[in-house]
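What follows is one structure encoded as structure tokens, with my remarks underneath.
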Protein chains: 2
Amino acid sequence: MAESSTNYSYCVDPAWQGRADCANCVIRNMMLFSELPLNSFDNLLQPIVHERYDAGALLYHQCEVGTEVLSIRRGLVKLVLLSADGSERIVRLLGGGAVIGLELLDKSTAYRHSAIALQEVDLCRIPLTTLANLYSRHPELCKSVGLQLQHQVDQTDRWIMQLNTGKARTRIAEMLLFLEEANAGQDGVIELISRDDMAAVVGITKETASRVIAEFKRQGLLHHVTPSTYRLETQRLRELIAQEAKHG
Amino acid sequence: MAESSTNYSYCVDPAWQGRADCANCVIRNMMLFSELPLNSFDNLLQPIVHERYDAGALLYHQCEVGTEVLSIRRGLVKLVLLSADGSERIVRLLGGGAVIGLELLDKSTAYRHSAIALQEVDLCRIPLTTLANLYSRHPELCKSVGLQLQHQVDQTDRWIMQLNTGKARTRIAEMLLFLEEANAGQDGVIELISRDDMAAVVGITKETASRVIAEFKRQGLLHHVTPSTYRLETQRLRELIAQEAKHG
DNA sequence: CGGTAAATTGACTGCTCTCAATTTACGTGG
DNA sequence: CCACGTAAATTGAGAGCAGTCAATTTACCG
């Protein structure tokens with residue numbers, strides 16, 4: 001199991017930031033406020049801030065008292081649970097369109113996970129007060145929140161079923177296909193995550209993850225494209241998964 | 001992994017049923033409609049039906065087209081995902097106060113799991129039309145739905161972290177503690193689930209589950225109380241879990 | 001009391017973990 | 001641009017835990 005030896009740098013001063021322009025948001029149709037009329041964002045007491053973070057940045061920390069919900073515009077974010085003994089487990093990977101920190105709406109004051117950027121990430125920080133403000137004028141916003149939660153439930157169900165069941169080879173294969181979908185992978189080209197992160201996703205050790213990935217490379221299921229990206233042989237990966245399943 | 005050799009009997013004609021009396025519901029304060037005024041339930045076009053099922057009854061089936069959300073009043077229900085190869089995985093255990101089938105609100109037509117009673121279960125079937133009806137008059141109902149979803153997210157996170165991580169002994173111990181909480185166990189007395197179900201919960205084989213439970217009995221962590229119930233030594237179980245963690 | 005399903009137990013295999021060594025990749029500073 | 005240092009990834013060897021298959025016992029329902 002992965003050790004939490006890493007000290008994630010807390011990005012207090014993000015590389016890029018500014019007041020968000022929700023009305024002209026490029027991916028507005030996938031975002032939390034997609035159902036709201038364009039003029040809803042005038043006169044907000046607290047502005048919605050648009051920020052950019054580098055890979056590795058800590059967006060918020062488990063148990064930290066929070067006052068903002070984060071809407072991801074671009075890039076991949078991991079939600080991590082820390083256990084008593086220092087090991088950590090990744091319970092979700094979320095990309096553009098996802099909203100994290102929604103547990104704050106549940107009367108609680110603290111975030112329930114640590115959220116860490118796995119790639120360069122663009123996001124909007126939405127203060128709870130702003131959300132309450134918008135909500136009072138647009139109750140239908142609640143439906144969007146419900147959809148967000150339902151998506152997270154769905155992802156976690158898949159997490160258990162596909163990524164945390166079966167042999168290591170199968171799990172890693174499923175994880176690669178998952179990454180490909182999350183990345184909206186052009187032509188099956190994805191950015192791999194670290195072996196530690198793979199291990200924390202599928203519940204094996206980093207050594208086993210490394211062995212499996214190395215084997216996949218040798219078998220031509222993974223092709224080096226650029227220093228940081230790989231192309232997946234998605235069809236063959238799917239066959240491999242089906243094969244393991246049949247064997248039982 | 002557990003095989004889906006069992007054919008669950010579809011309980012079309014439940015043992016006990018009648019129109020629900022929501023205004024006088026004994027556990028109204030934990031239910032979906034707890035925030036609604038008492039007179040909201042008059043003039044409903046479609047009645048909310050109260051039903052009772054035996055252990056083993058199939059409440060609904062994965063992929064079945066559904067028109068009702070189920071509010072559990074009493075008893076334990078498992079949500080099961082079936083994989084391509086016939087193996088199954090339990091992704092949630094829900095008791096009184098939980099609402100299942102909420103994925104139907106998400107524009108989808110089919111249930112995403114199979115729901116099966118693990119004990120005698122009392123529940124209310126709430127037609128989607130009734131829910132829409134109530135919702136139009138009481139938008140605050142949306143908040144209750146959000147809470148339900150958030151609870152399910154929280155349970156699934158714990159599921160991955162505690163019940164699907166570590167050695168078999170640890171997982172089973174965590175599962176027993178989970179059952180104890182779900183049962184609101186009097187004095188730590190719980191009704192055990194089958195070894196197959198345990199296996200499908202924590203992701204091991206039924207044989208390993210059996211070995212661990214047998215060992216726990218021998219070590220006095222589990223005491224026979226009645227033919228169907230056992231008392232847990234919760235404190236010692238917690239110590240066992242902490243022990244395994246330290247060893248790492 | 002008999003029949004069937006569930007649980008237990010055994011023996012053996014095989015996968016994954018663990019610990020350790022080595023190689024590769026990467027960012028920094030010369 | 002290259003040299004260097006550190007972190008990440010790869011690989012090996014051995015042990016241990018869980019999976020598999022099979023036999024036996026126990027529990028439960030009629």
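Lettering of chains follows the sequences in order, A, B, ..., and the numbering in each one begins at 1. This one's a predicted model, so the numbers in the text were calculated from it and none came from an experiment.
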### Query
What's the verdict on side chain to side chain contact (heavy atoms under 4.5 Å, CB included) for B/N164 and B/R171, showing C-alpha distance, side-chain angles and the deciding distance?
CA-CA 7 Å; B/N164 278 284; B/R171 296 189 190 192; 4.1 Å; yes
In whole angstrom, what separates [X]'s [atom1] from [N]'s [atom2]?
| X | N | atom1 | atom2 | value |
| --- | --- | --- | --- | --- |
| B/R171 | D/dC17 | CZ | P | 14 Å |
| A/I204 | D/dG19 | CD1 | C1' | 17 Å |
| B/D196 | C/dA5 | CG | C1' | 11 Å |
| A/L192 | D/dA8 | CG | C1' | 13 Å |
| A/E191 | D/dA8 | CD | P | 16 Å |
| B/I193 | C/dA6 | CD1 | C1' | 14 Å |
| B/D54 | D/dC29 | CG | P | 11 Å |
| B/M198 | D/dA18 | CE | P | 16 Å |

### Message
Between A/K78 and A/E88, is there a side-chain heavy-atom distance shorter than 4.5 Å?
### Response
yes
### Stepwise salt bridge (Lys or Arg N to Asp or Glu O under 4.0 Å) test for A/R112 and B/D157
CA-CA 10 Å; A/R112 302 226 177 89; B/D157 285 344; over 6 Å; no
Look up atom [atom1] in [X] and atom [atom2] in [Y], then write down how far apart they are to the nearest 0.5 Å.
| X | Y | atom1 | atom2 | result |
| --- | --- | --- | --- | --- |
| B/L192 | B/D197 | CG | CG | 11.5 Å |
| A/I241 | A/E174 | CD1 | CD | 3.5 Å |
| A/T67 | A/E64 | OG1 | CD | 8.5 Å |

#### Entry: Any donor-acceptor N or O pair under 3.5 Å, side chains A/Y230, A/H224
yes
### Task
Output, in order, the C-alpha distance, side-chain angles, deciding distance and verdict of side chain to side chain contact (heavy atoms under 4.5 Å, CB included) for B/E51 and B/L59.
CA-CA 11 Å; B/E51 298 176 338; B/L59 307 179; over 6 Å; no
### Query
If the sugar-phosphate is the primed atoms plus P, OP1 and OP2 and the base is the rest, what is the B/S/- string for nucleotides 8-14 of chain C, using protein heavy atoms under 4.0 Å?
BBBB---
### Message
Need the bend value for the helix from C/dC1-D/dG30 to C/dG30-D/dC1: angle between end axes, 5 pairs each end, nearest 10°.
### Response
50°
### Query
Is the distance from OP1 or OP2 of C/dT16 to the nearest side-chain N or O of A/T205 less than 4.0 Å?
no
### Task
List the steps and the verdict of salt bridge (Lys or Arg N to Asp or Glu O under 4.0 Å) for A/R169 and A/E244.
CA-CA 9 Å; A/R169 200 131 30 89; A/E244 302 262 9; 3.1 Å; yes
